[in-house]
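To keep things clear, I will list the structure first and then write my remarks on it.
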Amino acid sequence: MDISIIKKALFLFVLFPTFICAQYTDVINSNRPGRAASAYAVGKNVVQAEVGILYEQQDNADLNSDSNIFGADYALRYGLLFEELEVIMEGSFITQNITYPDLGIEGTLTNFSRNRVGLKYLVYDPYKDPARSKPNLYSWRANNLFQWKNLIPAVSVYGGANFVLGDNPFYPGEPTVSYRGGIQTQSRLSPRFVLISNIAYDRITTDTPEWRYALSVTHAFRDPRWSVFFEGQGISGDRYSDIILRTGVARLINPNFQADIHMGSGFKNDPSRIFVVLGFSYRLDFHKDELIPINEQQSGMNGKIKKNSNKRKSKKKRKNRG
């Protein structure tokens with residue numbers, strides 16, 4: 001099947017300004033849709049599941065093969081010990097039906113194409129500064145337009161391990177355990193636009209380690225239940241290299257449930273890829289805000305008290321009465 005026309009149409013579609021928003025709030029904070037992960041954890045004592053059902057068409061010009069792939073992506077996230085720490089188990093389980101027309105050969109490959117466990121820790125959050133997070137009560141423009149300081153991102157670090165279970169046909173000869181390390185950042189460009197970037201060094205200790213990076217711009221509509229995103233992902237390694245584009249929409253059903261759909265395409269012909277994914281995210285929210293005793297609060301948390309401010313107010317009251 002020649003999918004070059006479909007790929008070109010998809011590429012033109014994602015060039016339009018279709019971006020999404022996925023920032024930690026009172027509602028569910030999902031890494032779906034797409035593969036770029038937020039810098040923020042789900043929150044202490046929050047249990048969250050993110051699942052996607054996928055279909056992919058692959059054509060390999062070098063091997064002259066056609067493939068249909070069906071499978072599921074999954075992620076289980078848990079806020080562990082404190083707000084900044086998250087443990088995450090994620091992967092993809094697929095069945096690939098592959099055909100070699102010239103040879104008249106057909107086959108089926110089934111196993112995990114991705115299976116790992118890791119920890120993410122938020123090391124820097126610019127919005128922890130009370131002065132930074134306070135809105136400007138006198139200027140709508142200051143609150144809603146881009147400012148250079150908005151580029152300063154929240155930053156988290158990630159460390160984890162990949163697992164190759166049994167006789168996995170997608171990773172022949174690889175060790176059972178390999179490692180992954182990365183950095184994830186998130187900048188709120190404006191109340192509706194969020195920029196997320198990821199970089200990771202993957203499959204460490206194998207013969208074919210990979211660099212993976214992703215850049216995602218997100219935008220929420222006027223109805224904040226709807227959002228749309230554009231993402232570019234790069235993979236560079238001896239085993240596989242490609243650039244993948246994704247775009248799609250998400251719909252918040254309620255504060256704990258989100259549905260989404262996205263599609264994407266690769267740029268290479270060995271293999272050529274086009275796919276669509278339908279997914280959802282659901283959380284069990286056992287999070288409780290910790291109360292800070294007043295004697296442990298930092299001075300100025302609620303704003304500085306100006307010298308003689310009470311006297312000035314008293315003088316104004318006396319003048320008004322006169």
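When atom types are taken as modelled, the side chain of Y171 and the backbone of S113 share a donor-acceptor pair closer than 3.5 angstrom. The backbone N or O of S38 sits nowhere less than 3.5 Å from a side-chain atom of Q186 that would complete a donor-acceptor pair. Between the T206 side chain and the T208 main chain, a donor and an acceptor come within less than 3.5 Å of each other. Listed for the N31 side chain is no donor-acceptor partner under 3.5 Å among the backbone atoms of A37. In this structure, S156 contributes its side chain and L122 its backbone to no donor-acceptor pair below 3.5 Å. No donor-acceptor distance shorter than 3.5 angstrom exists from the side chain of D223 to the backbone of W226, with no hydrogens or angles considered. Checked by atom type and distance alone, the side chain of N256 never pairs as donor or acceptor with a backbone atom of L284 at under 3.5 Å. At distances below 3.5 Å, at least one donor-acceptor pair connects side-chain atoms of K268 with backbone N or O atoms of S241. With D242 contributing its side chain and G266 its backbone, the two residues share no donor-acceptor pair below 3.5 Å. Checking side-chain atoms of E231 against main-chain N and O of G34 turns up no donor-acceptor pair under 3.5 Å.
Ring orientation note: the planes of F70 and Y55 are tilted relative to one another, at an angle of 30° to 60°. Using a 30° and 60° split on the angle between ring planes, F112 and F93 fall in the perpendicular class, above 60°.
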message: Show, in sequence, the C-alpha distance, side-chain angles and deciding distance for N68 and I98, and conclude whether the side chain to side chain contact (heavy atoms under 4.5 Å, CB included) test is met.
response: CA-CA 7 Å; N68 292 302; I98 186 168; over 6 Å; no

field: Stepwise salt bridge (charged side-chain N to carboxylate O under 4.0 Å, His left out) check, E50 with R32
entry: CA-CA 7 Å; E50 302 173 7; R32 298 192 57 85; over 6 Å; no

query: Does the side chain to side chain contact (heavy atoms under 4.5 Å, CB included) test come out yes or no for L151 and L189, once each step is laid out?
result: CA-CA 6 Å; L151 289 175; L189 304 181; 3.7 Å; yes

- prompt: How far apart are the C-alpha atoms of T185 and S197, what are their side-chain angles, what is the distance that settles it, and do they pass the side-chain hydrogen bond (donor to acceptor under 3.5 Å, both in side chains) test?
  reply: CA-CA 5 Å; T185 73; S197 67; 2.4 Å; yes

task: Report the C-alpha distance between N115 and N162 in whole Å, list the side-chain angles of each, state the deciding distance to 0.1 Å, and finish with yes or no for side-chain hydrogen bond (donor to acceptor under 3.5 Å, both in side chains).
output: CA-CA 6 Å; N115 191 43; N162 302 294; over 6 Å; no

task: Please lay out, stage by stage, how I261 and R251 fare under the test side chain to side chain contact (heavy atoms under 4.5 Å, CB included).
output: CA-CA 9 Å; I261 185 170; R251 173 62 155 83; over 6 Å; no

message: Run the side-chain hydrogen bond (donor to acceptor under 3.5 Å, both in side chains) test on N97 and T108 for me, step by step, so that the C-alpha distance in whole Å, both residues' side-chain angles and the decisive distance to 0.1 Å come before the verdict.
response: CA-CA 5 Å; N97 299 313; T108 300; 3.2 Å; yes

Chi angles and distances behind the side-chain hydrogen bond (donor to acceptor under 3.5 Å, both in side chains) call for R246, Q233: CA-CA 8 Å; R246 297 181 178 89; Q233 181 188 19; 2.8 Å; yes

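Side-chain contact check for F163 versus V177: some heavy-atom pair is nearer than 4.5 Å. Residues I152 and S187 have side chains not in contact (no heavy-atom distance under 4.5 Å, counting atoms from C-beta outward). Counting only heavy atoms from C-beta outward, the side chains of Q184 and Y158 approach each other to under 4.5 Å. For the pair L252 and V27, the minimum side-chain heavy-atom distance is below 4.5 Å. Between V123 and V157 there is a side-chain heavy-atom pair separated by less than 4.5 Å. Looking at R188 and N150, their side chains never come closer than 4.5 Å, going by heavy atoms from C-beta outward. Between R35 and D73, the closest side-chain pair of non-hydrogen atoms falls below 4.5 Å. Counting only heavy atoms from C-beta outward, the side chains of Y201 and R212 never approach each other to under 4.5 Å.
Looking at every heavy atom in both residues, R273 comes nearest to I244 through NH1-CD1, 3.3 Å.
No hydrogens or angles considered: a donor-acceptor pair under 3.5 Å links the side chains of T110 and T95. In this structure, a donor-acceptor pair under 3.5 Å is present between the side chains of D125 and Y40. For E56 and Q58, the side-chain atoms include at least one donor-acceptor pair closer than 3.5 Å. At a cut-off of 3.5 Å, with distance as the only test, no side-chain donor of N60 or S65 sits close to an acceptor on the other residue.
The environment of N254 atom CG is dense: over 12 non-hydrogen atoms of other residues, nucleotides or ligands sit within 6.0 angstrom.
F257 and I53 end up in different hydrophobic clusters when Ile, Leu, Val, Met, Phe, Trp and Tyr side chains are linked at under 4.5 Å. Criterion: ILVMFWY side-chain heavy atoms under 4.5 Å apart, direct or through other members. Under it, I88 and L85 are not part of a common hydrophobic cluster.
Between R203 and E174, at least one side-chain nitrogen of the basic residue sits less than 4.0 Å from a carboxylate oxygen of the acidic one, meeting the salt-bridge criterion.
Here the OH-OG distance, from Y100 to S67, works out to 7.0 Å after rounding to the nearest 0.5 Å.
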